[in-house]
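The structure appears below as structure tokens.
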Amino acid sequence: FDQQKYRLKDSRDKLETLRGIFEIPAKKVRLSELENHSQDNNFWEDQKSAQAILQEISNLKKWIEDFTTAEKMLSDVDILMEIGEAENDD
């Protein structure tokens, strides 16, 4: 289990590095800003701009969802490792 724990920690570290490289926190802020802007009463006055904003919202959501999925998968592996260790201790 020691080698797997090391790999898991290494994967966590890499994922944290990717959070910065992919600017996930900034993407979340930008998404919030765009979603708020899309609620404006005059949002659809410029349909071309509105469509571009909706496309950007979609792209940001995809980035964030994919990253969140990777985090969840890593967390699930971590939990399974803990369960495996606990069962080996018994």
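Note that the numbering runs from 1 along the sequence shown for the chain.
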Interatomic distance, CZ@R7 vs CE@M81, rounded to 0.5 Å, equals 10.0 Å
message: Quick check: do V77 and Q4 have side-chain heavy atoms less than 4.5 Å from each other?
response: no
Salt-bridge present (R19, E16; N to O < 4.0 Å) = yes
Separation between CZ (F67) and NZ (K28), nearest 0.5 Å, reads 8.0 Å
Per side-chain hydrogen bond (donor to acceptor under 3.5 Å, both in side chains), N59 is matched among K61, E56, K62, Q55 by Q55
*Do S58 and L54 have side-chain heavy atoms sitting under 4.5 Å apart?*
no
Worksheet entry | Pairwise side-chain contact, K5 with E85, heavy-atom cut-off 4.5 Å (strictly under) | yes
One should read off an interatomic distance between D78 CG and L8 CG, to the nearest 0.5 angstrom, of 4.5 Å
- Under 4.5 Å between side-chain heavy atoms, hopping through other hydrophobics if needed: is there a path connecting W44 to L34? yes
One should read off an interatomic distance between D40 CG and E45 CD, to the nearest 0.5 angstrom, of 10.0 Å
Rounded to the nearest 0.5 Å, the CG atom of L15 sits from the CE atom of M73 at a distance of 11.0 Å
*Hey, is the main chain of Y6 close enough, under 3.5 Å, to the side chain of D10 for a donor-acceptor pair?*
no
Shortest non-hydrogen pair, S38 vs F43, comes out as CA-CD1, 3.5 Å
**Asked** Are side-chain heavy atoms of L31 and K27 found at a separation under 4.5 Å?
**Response** no
Hey, any chance I24 and I57 share a hydrophobic cluster, counting ILVMFWY side chains that come within less than 4.5 Å of each other, even indirectly?
no
dist T69:OG1 -> L74:CG (nearest 0.5 Å) comes out at 12.5 Å
Indicate the ring-plane relationship of F22 and W63, choosing parallel, tilted or perpendicular according to the 30° and 60° boundaries.
tilted
